[in-house]
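Have a look at the structure below before the remarks.
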Amino acid sequence: MPTPPVILLLPGSLRVGSSNEAVLRTAHAVAADAGVGAVLYDGLAGLPHFNPDDDTDPLPGPVAALRAAIERAAGILICTPEYAGTLPGSFKNLLDWTVGGTEICDKPTAWVNSAAPGRGGGATATLRTVLGYTGADVVEPACVQIPVERGVVGTDGLIADEGVRRQLRDVLGLLATAAVDRRAGVTDQA
């Protein structure tokens, strides 16, 4: 039996108990139901400020660990808040560290926007732009909005709502399919 593809879950928020982290913790919890492995990245706060002079071998330890996690993953799922109309600085910093590497290039990537309807568009637009520079393979059908209010996050940090859990399973399934197709050399040439 083949090993299920592993999706790296990248939270864009440093806030303890953020709804963005709850989305990814819930994705992690339902991954097996979607036939996917999942790893929740927890190194955002430890990344040094991006400096192109430091983007050389040997890389700073936290950056090397980030790039290795991206390299090992079959796909990437991001959930980040919007701050002042764009990505939070800490998450933009994480993405800046990926531009100089090739690990994310052609990697099936998607995001979940957990903001209320009509919000989060600035972060999504910036994310799309930066991912374009990295060469990530954005899986459009897996890029979704799943509004999450703080009140639906349980004390365990998970979202119990079955509709949200189903949507996350679907997103993970789409990323897994894209990753398997990529490994098999299947491309969208319709």
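- Looking at D96 and K92, their side chains come closer than 4.5 Å, going by heavy atoms from C-beta outward.
- The two atoms that bring P62 and L47 nearest to each other are O-CD2, 3.7 Å, heavy atoms only.
- In this structure, the side chains of L10 and L77 stay at 4.5 Å or more apart for every pair of heavy atoms.
- Atom CG of D42 is surrounded by 12 or fewer heavy atoms from other residues, nucleotides or ligands within 6.0 Å.
- A heavy-atom distance below 4.5 Å is not found between the side chains of I76 and P108.
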Checklist entry - Can you list the steps and then say if R165 with D161 is a salt bridge (Lys or Arg N to Asp or Glu O under 4.0 Å)? => result CA-CA 6 Å; R165 294 169 81 89; D161 180 271; over 6 Å; no
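- Placement of I146 and L127 in two distinct hydrophobic clusters is found when ILVMFWY residues are connected by side-chain heavy-atom separations under 4.5 Å, directly or transitively.
- Here R25 pairs with E21 in a salt bridge; the nearest charged N to carboxylate O distance falls below 4.0 Å.
- Residue-environment remark: OH (Y83) stays at or below the threshold of 12 foreign heavy atoms within 6.0 Å.
- You'll find the side chain of V144 reaches within 4.5 Å of the side chain of V171, heavy atoms only.
- For H28 (side chain) and A38 (main-chain N/O), a donor-acceptor pair under 3.5 Å exists by modelled atom type.
- Formation of a donor-acceptor pair under 3.5 Å by the W97 side chain with backbone atoms of P48 is found in this model.
- Here the options are I78, I7, L9, the test is side-chain contact (heavy atoms from CB on, under 4.5 Å), and the partner is L24; only L9 passes.
- For the pair I159 and V148, the minimum side-chain heavy-atom distance is below 4.5 Å.
- Distance alone, capped at 3.5 Å, places no donor-acceptor pair between the N113 side chain and the C79 backbone.
- Annotation for E149: atom CD does not count as buried by contact number, only 12 or fewer foreign heavy atoms lying within 6.0 Å.
- The main-chain N or O of I70 is found under 3.5 Å from a side-chain atom of K107 such that the two form a donor-acceptor pair.
- Side-chain atoms of T109 and L131, non-hydrogen and from C-beta on, do get closer than 4.5 Å to each other.
- In this structure, the side chains of L14 and P88 stay at 4.5 Å or more apart for every pair of heavy atoms.
- Looking only at distances, no side-chain donor or acceptor of E71 sits under 3.5 Å from a matching main-chain atom of E103.
- Between L59 and R67 there is a side-chain heavy-atom pair separated by less than 4.5 Å.
- N20 and S114 are linked by a side-chain donor-acceptor pair at a separation below 3.5 angstrom, with hydrogens and angles left out of the test.
- The only option from T80, L44, L87 that meets the side-chain contact (heavy atoms from CB on, under 4.5 Å) definition with L94 turns out to be L44.
- Side chain of N93 to backbone of F50: a donor-acceptor contact under 3.5 angstrom is found.
- Checking side-chain atoms of S18 against main-chain N and O of S13 turns up no donor-acceptor pair under 3.5 Å.
- Residues A178 and V139 share a closest heavy-atom pair of CB-CG2, 3.8 Å.
- Every salt bridge (Lys or Arg N to Asp or Glu O under 4.0 Å) that R128 has, sequence neighbours left out, goes to E140.
- At a cut-off of 3.5 Å, with distance as the only test, no side-chain donor of T134 or T98 sits close to an acceptor on the other residue.
- Side-chain atoms of Q145 come within 3.5 Å of backbone N or O of A115 as a donor-acceptor pair.
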